[in-house]
Amino acid sequence: MKRIRFWSRKLYRRAIQEVAGHVYINPDSVLQKSILVAGTARSGTTWLGDLIASQKPCRIMFEPFNPDLVPEYRGFHYFQYCRPGTENPEFYAFAQKVFTGEIRNRWIDHQNERIFSKLRIIKEIRINLALKWLHDHFPSVPIVFLLRHPCAVVASRMELGWATDSDIEPFLAQPDLVTDHLAPYMDLIKSAISSEEKHAIIWSVSNLVPLKQFNSGEFKLVYYENLCTQPEVELPAIFAFIRQKYSESYIDKIDQPSQTTHANSLILAGSDKISGWKKKLSSSQIKNILRIVEKFGLDNLYSDSFLPLNKDAI
């Protein structure tokens with residue numbers, strides 16, 4: 001029954017998106033109308049964006065920082081790094097188009113469901129390495145950063161058959177990133193052999209950089225597991241940070257799968273959102289993942305337990 005409801009809802013939303021993805025009125029172009037929801041792939045960013053949009057009429061802007069599918073962004077790295085304190089006029093110009101909503105693109109708009117909106121939600125998984133730079137240049141755009149257990153993220157990526165080497169290559173191709181953050185870990189990165197180790201490196205690099213760069217209060221750090229288990233605490237805090245009114249009447253939306261939930265997801269099978277990875281990974285795979293995370297100095301965030309260890313990571 002849950003799968004039937006999932007597919008019915010998915011088809012209904014696709015029908016709406018076919019219209020709203022082409023015919024919509026961009027909210028006021030002031031930066032304060034934009035909210036950036038960021039995190040690694042498979043961390044729940046689409047779901048969190050949906051939760052915010054369930055309360056506020058929002059134009060959903062889906063992963064605009066994608067050089068493969070957004071022509072205006074070609075020429076940048078797949079995971080672009082920007083060193084804080086430096087200038088990058090071309091990157092700034094593109095980000096300005098995103099945050100004002102001036103950019104229109106079939107990929108960016110394919111999950112939009114509103115013709116008339118009051119806010120913009122920029123949902124993004126490829127911009128973690130430039131988040132601090134964006135915050136410094138666009139301080140009026142609130143950033144909500146979502147963290148999810150590395151084993152859960154790795155398990156999901158592996159299940160979908162996602163590449164590893166092509167995601168690691170953009171890290172190593174950026175000298176500033178290597179100098180500023182990756183130099184101590186180069187031997188670890190190059191010695192990774194198994195798929196789970198490589199996926200764990202992608203998770204670690206993608207989270208290490210923003211967690212090191214941001215000061216407390218500059219962005220809203222949200223743990224996926226806490227959002228699942230105590231939404232009555234997490235959601236009001238998120239809405240307070242993005243300066244929007246929160247209504248408890250929408251809390252039931254927490255149980256709705258996101259638009260990017262895949263057909264074989266354990267969520268649809270009725271499994272726990274936060275513990276399903278233990279059924280997908282072997283004990284040796286879990287050890288390999290957590291060993292990589294520890295080598296990057298991020299073992300203060302997660303262990304082999306389901307829940308996060310440290311609520312105040314920055």
Side-chain angles (χ1 to χ4, degrees), residues 36 38-43 45 63 65-68 73 75-88 90-92 95 124-137 143 145-154 156-158 162-216 218-219 221 285 287-303 309-310 313-314:
L36 177 55
T40 61
R42 312 310 301 169
S43 65
T45 52
E63 301 177 7
F65 293 87
N66 185 332
D68 295 334
Y73 194 62
F76 292 102
H77 288 284
Y78 193 73
F79 297 113
Q80 181 67 41
Y81 176 68
C82 287
R83 176 184 282 165
T86 63
E87 297 301 321
N88 189 329
E90 293 81 10
F91 188 76
Y92 180 92
E124 188 53 66
I125 61 172
R126 298 176 182 86
I127 208 62
N128 291 9
L129 308 182
L131 277 182
K132 185 63 166 70
W133 192 97
L134 288 170
H135 169 74
D136 292 344
H137 287 78
I143 299 174
F145 187 70
L146 192 60
L147 266 177
R148 188 181 186 186
H149 199 295
C151 290
V153 171
V154 170
S156 182
R157 290 175 61 99
M158 290 176 63
W162 282 10
T164 53
D165 293 343
S166 60
D167 277 3
I168 292 175
E169 187 278 330
F171 300 152
L172 306 182
Q174 301 181 74
D176 286 351
L177 175 60
V178 173
T179 299
D180 294 351
H181 299 283
L182 302 187
Y185 313 107
M186 290 302 291
D187 290 342
L188 177 65
I189 294 172
K190 292 180 178 180
S191 65
I193 298 175
S194 68
S195 178
E196 71 269 12
E197 289 174 321
K198 293 180 180 181
H199 282 299
I201 284 171
I202 295 166
W203 183 94
S204 296
V205 173
S206 299
N207 289 301
L208 172 74
V209 174
L211 290 177
K212 283 182 63 177
Q213 290 180 330
F214 276 87
N215 298 311
S216 180
E218 288 184 332
F219 71 173
L221 178 63
Q285 287 176 319
K287 288 180 181 178
N288 283 340
I289 294 166
L290 294 178
R291 178 179 58 83
I292 295 292
V293 171
E294 180 183 9
K295 293 290 186 181
F296 274 93
L298 297 174
D299 52 321
N300 64 316
L301 300 174
Y302 289 100
S303 67
L309 298 174
N310 187 359
I314 61 171

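- When all heavy atoms of Leu221 and Leu211 are compared, the closest pair comes out as CD1-CD2, 4.3 Å.
- Between Arg157 and the options Asp167, Thr164, Thr40, a side chain to side chain donor-acceptor pair (under 3.5 Å) holds for only Asp167.
- The aromatic rings of His149 and Tyr302 are tilted relative to each other, their planes meeting at an angle between 30° and 60°.
- When all heavy atoms of Ala41 and Ile125 are compared, the pair lying nearest together is CB-CD1, 3.6 Å.
- Of the possible donor and acceptor atoms, none in the side chain of Glu169 sits under 3.5 Å from a partner among the backbone N and O of Ser166.
- Expressed to the nearest 0.5 Å, how far CD of Gln285 lies from NE2 of His199 amounts to 10.5 Å.
- Using a 30° and 60° split on the angle between ring planes, Phe65 and Phe91 fall in the tilted class, from 30° to 60°.
- Here CZ of Arg42 is found 14.0 Å from CE of Met158. Values are rounded to the nearest 0.5 Å.
- Listed here is the closest heavy atom pair of His135 and Ile143: CB-CD1, 3.9 Å.
- Each of Tyr78, Phe79, Tyr73 was compared with Phe76 under the ring pair (Phe, Tyr, Trp, His ring centres under 6.0 Å) criterion, and only Tyr73 meets it.
- Put simply, the residue from Ile289, Ile292, Asn288 that forms a side-chain contact (heavy atoms from CB on, under 4.5 Å) with Ser194 is Asn288.
- Take Asp187 and apply the salt bridge (charged side-chain N to carboxylate O under 4.0 Å, His left out) test, not counting sequence neighbours, and it matches no residue.
- Here Arg126 does not pair with Asp68 in a salt bridge; the nearest charged N to carboxylate O distance is not below 4.0 Å.
- Here the options are Lys212, Arg83, Gln174, the test is side chain to side chain donor-acceptor pair (under 3.5 Å), and the partner is Asp180; only Arg83 passes.
- The backbone N or O of Thr86 sits less than 3.5 Å from a side-chain atom of Trp133, completing a donor-acceptor pair.
- Each of Leu188, Leu298, Ile189 was evaluated against Ser204; a single residue qualifies, Leu298, per the side-chain contact (heavy atoms from CB on, under 4.5 Å) test.
- Rounding to the nearest 0.5 Å gives a distance of 12.5 Å between CG of Asn128 and CD1 of Ile202.
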